[in-house]
Protein chains: 2
Amino acid sequence: MTGRPRAFDFDEALERAMRVFWRHGYEGTALSDLTAAMGVNRPSLYAAYGNKEALFLRCLERYHRGPARHAREALAEPTARAVAEHLLRGTVEVVTREEGPGCLLVHGALATGPGAEGVRAESAARRAAHREALRARFEQAALAGEFPPGTDPGVLADHLAALTYGLAVQATEGAPPDRLHLIAAHALRGWPH
Amino acid sequence: MTGRPRAFDFDEALERAMRVFWRHGYEGTALSDLTAAMGVNRPSLYAAYGNKEALFLRCLERYHRGPARHAREALAEPTARAVAEHLLRGTVEVVTREEGPGCLLVHGALATGPGAEGVRAESAARRAAHREALRARFEQAALAGEFPPGTDPGVLADHLAALTYGLAVQATEGAPPDRLHLIAAHALRGWPH
DNA sequence: CGATTTCCGTACCGATCGATATGGTAGCGT
DNA sequence: ACGCTACCATATCGATCGGTACGGAAATCG
């Protein structure tokens, strides 16, 4: 029943796997890269996490609750403008980390071959889910009268999300945080009021 | 000296290769996918284009002069505002094509494994070069007094570029053109004046 | 027509891909 | 101390990766 316990830390190994995917994307990461970074042998990896795809999906979930936490927390800000500020500022912080520039949700599996349709679709679905949450939050703000008449909360959410994706793309090229912060600040200057 | 001529059209085969890369990215595309789509045998492909990496770089060049032509042409517009309009409108058109949603320059090689560093770097360099051209154009517009004082043309260019990248990302998820056009229109509403 | 040059098609190369079979053993419960 | 269980390590699986060697055929030249 209760045999030998595993010799590695499940969560810590998952964290390391996430960083490898974060750097090189799903298809750019080989299993040997993962085992080397995680300090886990191949059969142990399969026993603990399933397979490469399942491991990536677990990493997405971990990313969601870890580095991308700001995206959820931003929704709790009192005003739509504060939501946008929080989201943009947090995004810049995350995508310019030295360990892995960019956003796992954006470039982890943006365009893939036929063998990675699943992870691509799941990544896209998570991005869409966040945009939807953002839209709902702005819908609420619209009811509270925070926007001038004629403002579409859905468009606002899509626009803001597009901006965060663009920040992530530029971060992968090594754009420094202050430059991305300037973009974010400039975008906020055009916020509806 | 002059032997048997090749049995396929060089440019047309290149066009087809570009579309495959466009859909699946560099690492998501196998050589067998390319030969199948191009109607060219493997040795002929190597004889004509070099190798996979060289073929991709040729596709980038073709993309630059074909589908992404609007990005250059936009710079010729008389005002900065018209440049932005042209660029955004053209971007939406290109990234929502049915044959291959998204932008080859963005998701062709955004995050890669160690075997694709070259194509990743070249893609990033091309994006950066376009941003630089955009910055220079806005610099010129600033001298012409098109912006209110305190406006940084470089930030403006980065902001606009980030938006186009974000449009490309959302397009890969199947966002319809009209939705992206709404984002673009909304962004233009915040243009400095 | 013959000679030469280049291309096409098959078949194959070593390397690496993701995923496993197998045996030895460390650890827990009794 | 013993037996059972589950983990670790090596070695390997078939498939596919990008890239080529080689022989036969097609087209242009003299």
Side-chain angles (χ1 to χ4, degrees), chain A residues 1-14 16-18 20-21 23-60 108-109 111-120 122, chain B residues 1-14 16-18 20-21 23-60 108-109 111-120 122:
Chain A
M1 195 68 172
T2 74
R4 172 181 174 183
R6 66 166 56 97
F8 61 93
D9 186 297
F10 186 91
D11 282 334
E12 185 181 329
L14 191 58
R16 297 191 186 180
M18 183 184 73
V20 179
F21 281 131
R23 271 190 184 279
H24 303 298
Y26 181 75
E27 289 182 319
T29 301
L31 232 42
S32 34
D33 299 329
L34 292 169
T35 55
M38 299 166 77
V40 175
N41 288 327
R42 207 169 289 218
S44 302
L45 188 152
Y46 277 82
Y49 307 98
N51 59 7
K52 187 188 177 184
E53 176 170 352
L55 175 59
F56 182 82
L57 295 180
R58 281 180 197 266
C59 288
L60 277 190
T112 68
E117 273 302 312
V119 299
R120 193 195 56 76
E122 175 65 19
Chain B
M1 194 66 172
T2 75
R4 171 181 176 182
R6 65 164 61 96
F8 62 93
D9 186 298
F10 186 92
D11 282 334
E12 186 181 327
L14 191 57
R16 297 191 186 179
M18 183 184 73
V20 179
F21 281 132
R23 270 189 185 280
H24 303 298
Y26 181 76
E27 289 182 320
T29 301
L31 234 43
S32 35
D33 299 330
L34 292 168
T35 55
M38 298 166 78
V40 174
N41 287 327
R42 207 170 291 220
S44 303
L45 187 152
Y46 276 82
Y49 307 98
N51 59 7
K52 187 189 178 186
E53 176 169 354
L55 176 59
F56 182 81
L57 295 180
R58 279 179 198 267
C59 288
L60 277 190
T112 68
E117 272 302 311
V119 299
R120 192 194 56 74
E122 175 65 19

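Hydrogens, waters and symmetry mates play no part in the numbers below; they use all other heavy atoms, side chains included. In what follows, chains carry the letters A, B, and so on, assigned in the order in which the sequence lines appear, proteins first and then strands, with residues in each chain numbered from 1.
Contact annotation: the side chain of Arg42(A) approaches that of Tyr46(A) to within less than 4.5 Å [non-hydrogen atoms, C-beta and beyond]. Annotation: side chain of His24(B) is not in contact with side chain of Asp33(B) (no heavy-atom distance under 4.5 Å). Looking at Met38(A) and Tyr49(A), their side chains come closer than 4.5 Å, going by heavy atoms from C-beta outward. The side-chain heavy atoms of Val20(A) and Thr29(A), taken from C-beta on, include a pair separated by under 4.5 Å.
Map Val40(B) and Pro5(A) each onto its nearest nucleotide of DNA chain C; the residue landing nearer the 5' end is Val40(B).
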Check: Reading nucleotides 15-23 of chain C 5' to 3', which nucleotides get B (base under 4.0 Å from a protein heavy atom), which S (sugar-phosphate only), which -?
Finding: --SBBBB--
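Counting non-hydrogen atoms under 4.0 angstrom, Ala7(B) reaches the backbone sugars and phosphates but no base.
Look at CG on Leu45(A): it is 19 Å from P on dA6(D), rounded to the nearest Å. Atom CG of Asp9(A) is separated from atom P of dC8(D) by 12 Å (rounded to the nearest Å). Atom pair Arg6(A):CZ and dT5(D):P shows a separation of 19 Å (rounding to whole Å applied). Atom CZ of Arg4(B) and atom C1' of dT6(C) are 8 Å apart (whole Å).
Listed for the Glu122(A) side chain is no donor-acceptor partner under 3.5 Å among the backbone atoms of Leu57(A).
Note on Ser44(B): every side-chain N or O is 4.0 Å or more away from OP1 and OP2 of dC7(C).
Scanning for salt bridge (Lys or Arg N to Asp or Glu O under 4.0 Å) contacts around Arg120(B) gives Glu117(B), with sequence neighbours left out.
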